[in-house]
Amino acid sequence: MKWLVLLWLVAFSECIVKIPLTRVNIMRKTRSEKNMLNDFLKKHAYRLYLTSSPGSNISTHPLGNIEDMVYVGNITIGTPPQKFQVVFDTGSSDLWVPSISCTSQFCSSHALFRHLESSTYWPTQKTFSIEYGSGRMKGVVAHDTVRIGDLVSNDQQFGLSLEHSGFKGMPFDGILGLNYPNFSFTGGTPIFDNLMNQGAISEPVFAFYLSKSKLEGSVVMFGGVDKSYYQGALNWVPLIQAGDWRVHMDRISMEGQVIACSGGCEAIVDTGTSLIHGPRRLLNKILSFIGATPRGSKHYVSCSAVNTLPSIDFTINGINYTLPAQAYAIKDSTGDCYIFFKQIRASRTTETWILSDVFLRQYFSVFDRGNDRIGLAQAV
């Protein structure tokens, strides 16, 4: 029934909410850190609006960047609204912000939710914990009104963190997960699902444009796609399975030579991750190919050599997505260029890569919950 409601909304309205992102060089000095498409599209035929109309509901907010790669934005929680800066993360499903009752060092320098000041707040007896690549946290579950620009999610379940480890120095207050509900650790309905169910958006899609050089201009949009942020056509890739932003990748090549994912592999499209992650053995092969040298846990090349380094081709659904050396080798405070690749932490039986903001800065991305697919196109 909810899909019938969504289709009705598509026919009668178009509501696109854009949140511009600002890249802030806060952390660089301190941290460097098979062809199923045709069959798939035959089964799903609803129209995806490509441009916003003059009457669209547009909300914009200043945002910051973690380590010059991860993009974050402002939301509000409560009545009256309390502002928080969060990571818009397709790799997780939960929204959480720090509680006024938090005792960890992380909370001493971040916005804290003051539950007694919100007339729409109500608590639960549930607790939760989440582990991310950059740290872990635990807290309690609550409900309140959450706003992303002009979008309002009433009675939204979210987490109030009480303890943290590993997030020291990060310029964000919390995380807003945009993955599927089955990845929720709080056990509630994620905010994007609530927005769909409450009819707040015209289509069950959101999209990211991450700027490559400007401090301002990056955008996350909800409810539709603005064609002005990409060139050419959107290439649609079906998910391996509904429930996670994971697609099949054909191979990874450099100078025409297959260097990883030789028999096909999985790729997670993750806006909440700074570095491209992959298996250690294959990462070492890539680092050796470009002549990177280790320095501690990181790898570097001379910045004078970047223009001569090969590009990396990620082939997805038969289409090559090229990542130039200027995108994966970035100068840091040492004067050398740090390679933005990292070993994937979790052990997996299937070869898996995480395509992070390094990749998404080059390619506009659309996350289509209605059709369980991801669209990619060359960013402008």
Side-chain angles (χ1 to χ4, degrees), residues 1-2 5-6 9 13 15-19 56-63 72-89 92-104 106-130 137-164 172-181 183-202 204 206 220-223 369:
M1 178 62 71
K2 69 176 182 179
V5 174
L6 287 169
L9 287 167
S13 66
C15 174
I16 300 177
V17 175
K18 303 178 187 176
I19 299 178
S56 293
N57 183 14
I58 299 175
S59 178
T60 60
H61 298 272
L63 301 153
V72 297
N74 291 335
I75 64 169
T76 67
I77 303 176
T79 307
Q82 300 177 40
K83 184 185 294 185
F84 299 91
Q85 190 175 74
V86 297
V87 177
F88 288 83
D89 178 26
S92 64
S93 301
D94 294 294
L95 166 63
W96 64 265
V97 296
S99 167
I100 188 64
S101 303
C102 175
T103 58
S104 68
F106 171 86
C107 295
S108 64
S109 58
H110 291 84
L112 307 177
F113 183 71
R114 293 166 168 78
H115 58 278
L116 295 179
E117 297 179 11
S118 175
S119 62
T120 46
Y121 167 85
W122 62 276
T124 74
Q125 300 300 314
K126 295 166 58 178
T127 61
F128 75 104
S129 62
I130 307 177
M137 53 74 60
K138 62 181 180 179
V140 296
V141 178
H143 291 251
D144 211 326
T145 300
V146 178
R147 294 174 175 84
I148 307 174
D150 294 330
L151 293 177
V152 181
S153 178
N154 296 305
D155 190 26
Q156 176 63 51
Q157 181 166 302
F158 69 106
L160 286 171
S161 62
L162 298 171
E163 300 179 22
H164 307 77
F172 62 82
D173 301 314
I175 293 176
L176 189 152
L178 290 170
N179 209 338
Y180 282 72
F183 276 84
S184 172
F185 286 84
T186 62
T189 303
I191 187 167
F192 188 73
D193 290 77
N194 264 346
L195 292 173
M196 290 192 297
N197 298 339
Q198 295 172 10
I201 54 177
S202 58
F206 57 90
V220 57
M221 58 190 74
F222 295 89
R369 280 290 302 275

In Å and rounded to the nearest 0.5 Å, what is the CG to OG distance from L178 to S92?
-> 8.0 Å
Side chains of V86 and I175: closer than 4.5 Å at any heavy-atom pair?
-> no
Side chain to side chain contact (heavy atoms under 4.5 Å, CB included) assessment of F192 paired with I201 = CA-CA 9 Å; F192 188 73; I201 54 177; 3.6 Å; yes
In chain order, what residues pass the ring-ring contact (aromatic ring centres under 6.0 Å, His included) check against F158, with sequence neighbours excluded?
-> F113
Nearest 0.5 Å please: distance from the OG atom of S93 over to the CZ atom of F185.
-> 8.5 Å
Side chains of I75 and F88: does their closest heavy-atom pair fall under 4.5 Å?
-> yes
Between S202 and G223, is there a donor-acceptor pair closer than 3.5 Å when you use the side chain of the first and the backbone of the second?
-> yes
Can you name the side-chain contact (heavy atoms from CB on, under 4.5 Å) partners of P123, sequence neighbours left out?
-> Y121
Among all residues two or more places apart in sequence or in another chain, which pass the side-chain contact (heavy atoms from CB on, under 4.5 Å) test with C107?
-> P98, C102, S104, L112, H164
Taking every non-hydrogen atom, the tightest pair across I191 and G177 | CG2-O, 4.4 Å
Residues N154, T145; criterion side chain to side chain contact (heavy atoms under 4.5 Å, CB included); working and verdict | CA-CA 5 Å; N154 296 305; T145 300; 3.9 Å; yes
Nearest atoms (heavy-atom pairs only) where T124 meets H143 = CG2-CD2, 3.6 Å
Is the shortest heavy-atom distance from the side chain of L176 to the side chain of I148 under 4.5 Å?
-> yes
Would you say the side chain of R369 lies within less than 4.5 Å of the side chain of Y180, judging by non-hydrogen atoms?
-> yes
Considering non-hydrogen atoms only, spot the tightest contact between Q156 and N194 and give its length.
-> OE1-ND2, 2.7 Å
What one should report as the nearest heavy-atom pair of F128 and L160 is CE2-N, 4.0 Å
By salt bridge (Lys or Arg N to Asp or Glu O under 4.0 Å) - contacts of E117 (at least two apart) = none
How many angstroms lie between CH2 in W122 and CG in D144, if you round to the nearest 0.5 Å?
-> 10.5 Å
Sidechain-backbone polar pair: Q82 side chain, R114 backbone, donor-acceptor under 3.5 Å = yes
Sequence neighbours excluded - side chain to side chain donor-acceptor pair (under 3.5 Å) pairs with any residue from residues 94-103 = D94-S184, D94-T186, W96-Y132
Could you tell me which residues satisfy side-chain contact (heavy atoms from CB on, under 4.5 Å) with S129, sequence neighbours excluded, listed by chain and number?
-> K138
Run the numbers on K83 and D173 for salt bridge (charged side-chain N to carboxylate O under 4.0 Å, His left out), then give the verdict.
-> CA-CA 10 Å; K83 184 185 294 185; D173 301 314; over 6 Å; no
